[in-house]
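Single-structure report; data block below.
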Amino acid sequence: MSDERRKIMRVLGGETLTPPPLWLMRQAGRYLPEYRETRAKAGSFLELCYSPEHAVEVTMQPIRRYGFDAAILFSDILVIPDALKRNVRYTEGHGPEMDPIDEAGIQALKGGGVVDYLAPVMETVRRLRSELPEETTLLGFCGAPWTVATYMIAGHGTSDQAPARLFAYRHPKAFEHLLMLLADISADYLLAQIDAGADAVQIFDSWAGVLGEKEFEAFAVKPVARIIASVKAQRPKAKVIAFAKGAGYMLKTYRQKTGADAIGLDWSVPLAFAKELQQEGPVQGNLDPMRVVAGGKALRDGIDDVLQHLGHGPLIFNLGHGITPQADPSHVTALVEHVRAWKG
């Protein structure tokens, strides 16, 4: 079908809709009992990501329950290092781990075959597009090269990504090579998702906020711009959302420099600044996920603030980061109802 009935695609094209369409980052996840049941059946977390049957099921669960305007492919940003044979593993309570990479390891990386390795993900996308309601936008995604690189270098997540920052200062050529390789692989991966049926894609740069000004330009802006330019060169109508968490004032030129159609905003972005950013095009965000945990007045007030500031321009309503496991599913119901009742 054309994008005309898919509200999120209309907003990505620059339209203002009242009420705005909505979806939530991590809308398929541990806060839902049905997700926990499917996760238990799947075995390991990676098996869940690579099983089209299970990945389709958990992607569809929040759509059935809440009727969100978009479904986002259930996968993980670290499937690319897994495809690069970095021995990615997930331990309950410890988060993702992999074999740390060094200069020699970076030089030895081969980007070929990654999309073939991730064929089960594309099968999930194909099945989702056939199962989703016609009006529901299907979003694909990848991790931004900087964020993926931080895990590859440290071998795990850290509080400030100091290992990757230090590596970048000590080995600038190797680090740039890693970022550009990841950018090229990520572009191919997103193109494969679009060809399999994704309507639009999002690039998650979850660790952009630890970077200084020059580093943000080199490590966050440049690789994401390379991905988007490659995607749009091959699929000119493709729509891309870029989410640089914690980037703050550096978001001022992020859309222009990366070529993103929409920019995701975390909850720390002041709404007055968000409104300025919206003058240049669609924004997505930016409710504090803790308001969903709190529920009640805190939730309603937070929603109203976002809508009053951003609801009169092109907005995709979302959280400022992923929904947390302790969120009450009934609070999500209240969120959806409150947003959809808004009349502008």
Minimum-distance pair of heavy atoms, taken over all atoms of [X] and [Y]:
{"X": "A70", "Y": "Q27", "answer": "O-NE2, 2.9 Å"}
{"X": "G197", "Y": "L138", "answer": "O-CD2, 3.8 Å"}
{"X": "P329", "Y": "R65", "answer": "CB-NH1, 3.5 Å"}
{"X": "I77", "Y": "Y151", "answer": "CD1-CE1, 4.4 Å"}
{"X": "P81", "Y": "V88", "answer": "C-CG2, 3.9 Å"}
{"X": "A220", "Y": "L211", "answer": "CB-CD1, 4.1 Å"}

[X]-[Y] side chain donor-acceptor pair, cut-off 3.5 Å:
{"X": "D205", "Y": "T147", "value": "yes"}
{"X": "Q202", "Y": "Q284", "value": "yes"}
{"X": "Q61", "Y": "T38", "value": "yes"}
{"X": "D82", "Y": "Y50", "value": "yes"}
{"X": "Q256", "Y": "T253", "value": "no"}
{"X": "E97", "Y": "H156", "value": "no"}

Inset, instruction - Show your reasoning for whether side chain to side chain contact (heavy atoms under 4.5 Å, CB included) applies to D116 and V114. - result: CA-CA 5 Å; D116 290 340; V114 169; over 6 Å; no
Keeping the roles fixed (side chain from [X], backbone from [Y]), state whether a donor-acceptor pair exists under 3.5 Å.
{"X": "D266", "Y": "N286", "value": "no"}
{"X": "T59", "Y": "A55", "value": "yes"}
{"X": "K232", "Y": "A238", "value": "yes"}
{"X": "R89", "Y": "N87", "value": "yes"}
{"X": "H309", "Y": "D305", "value": "yes"}
{"X": "W146", "Y": "L179", "value": "no"}
{"X": "S51", "Y": "E47", "value": "no"}
{"X": "D76", "Y": "V79", "value": "no"}
{"X": "R39", "Y": "R30", "value": "no"}

Ion pair present between [X] and [Y], side-chain N to carboxylate O less than 4.0 angstrom?
{"X": "R5", "Y": "E135", "value": "yes"}
{"X": "R127", "Y": "E123", "value": "yes"}
{"X": "D99", "Y": "K85", "value": "no"}
{"X": "E34", "Y": "R64", "value": "no"}
{"X": "E15", "Y": "K7", "value": "no"}
{"X": "D69", "Y": "R340", "value": "yes"}
{"X": "D199", "Y": "K239", "value": "no"}

Drop me the distance from [X]'s [atom1] to [Y]'s [atom2], to the nearest 0.5 angstrom.
{"X": "R291", "Y": "I303", "atom1": "CZ", "atom2": "CD1", "answer": "9.5 Å"}
{"X": "F175", "Y": "I106", "atom1": "CZ", "atom2": "CD1", "answer": "8.0 Å"}
{"X": "L178", "Y": "L182", "atom1": "CG", "atom2": "CG", "answer": "4.5 Å"}
{"X": "L22", "Y": "H338", "atom1": "CG", "atom2": "NE2", "answer": "12.5 Å"}
{"X": "F141", "Y": "Y189", "atom1": "CZ", "atom2": "OH", "answer": "6.0 Å"}
{"X": "D160", "Y": "R165", "atom1": "CG", "atom2": "CZ", "answer": "5.0 Å"}

Using the rule that Ile, Leu, Val, Met, Phe, Trp and Tyr join whenever any side-chain heavy atoms are under 4.5 Å apart, tell me whether [X] and [Y] fall into a single cluster.
{"X": "L299", "Y": "V293", "result": "no"}
{"X": "W342", "Y": "L319", "result": "yes"}
{"X": "L271", "Y": "L277", "result": "yes"}
{"X": "L307", "Y": "F273", "result": "yes"}
{"X": "L109", "Y": "I227", "result": "yes"}

Quick check: do [X] and [Y] have side-chain heavy atoms less than 4.5 Å from each other?
{"X": "I323", "Y": "P289", "answer": "no"}
{"X": "T124", "Y": "L73", "answer": "yes"}
{"X": "M152", "Y": "R86", "answer": "yes"}
{"X": "L84", "Y": "I101", "answer": "no"}
{"X": "P282", "Y": "D261", "answer": "no"}
{"X": "I194", "Y": "V231", "answer": "yes"}
{"X": "L315", "Y": "L17", "answer": "no"}
{"X": "M180", "Y": "K222", "answer": "yes"}

Inset, instruction - Could you walk me through whether W207 and H321 pass the ring-ring contact (aromatic ring centres under 6.0 Å, His included) test, one step at a time? - result: CA-CA 12 Å; W207 286 102; H321 199 221; 9.0 Å; no
Legend entry - Verdict with reasoning, L46 to L78, per side chain to side chain contact (heavy atoms under 4.5 Å, CB included): CA-CA 10 Å; L46 276 177; L78 299 183; over 6 Å; no
Inset, instruction - Could you tell me if the ring centre of F74 sits under 6.0 Å from that of Y35? - result: yes
Atom [atom1] of [X]: over 12 foreign heavy atoms under 6.0 Å:
{"X": "E53", "atom1": "CD", "value": "no"}
{"X": "R36", "atom1": "CZ", "value": "yes"}
{"X": "Q107", "atom1": "CD", "value": "yes"}

Inset, instruction - Evaluate the criterion side chain to side chain contact (heavy atoms under 4.5 Å, CB included) for residue pair T158 and T150; output intermediate values, then yes/no. - result: CA-CA 8 Å; T158 71; T150 64; over 6 Å; no
Inset, instruction - Please step through salt bridge (Lys or Arg N to Asp or Glu O under 4.0 Å) for the pair E276 and K252, ending with a clear verdict. - result: CA-CA 9 Å; E276 283 180 43; K252 191 167 180 65; 3.6 Å; yes
Inset, instruction - Take I8 and W23 through the side chain to side chain contact (heavy atoms under 4.5 Å, CB included) test and state the conclusion after the steps. - result: CA-CA 9 Å; I8 284 179; W23 69 281; 3.6 Å; yes
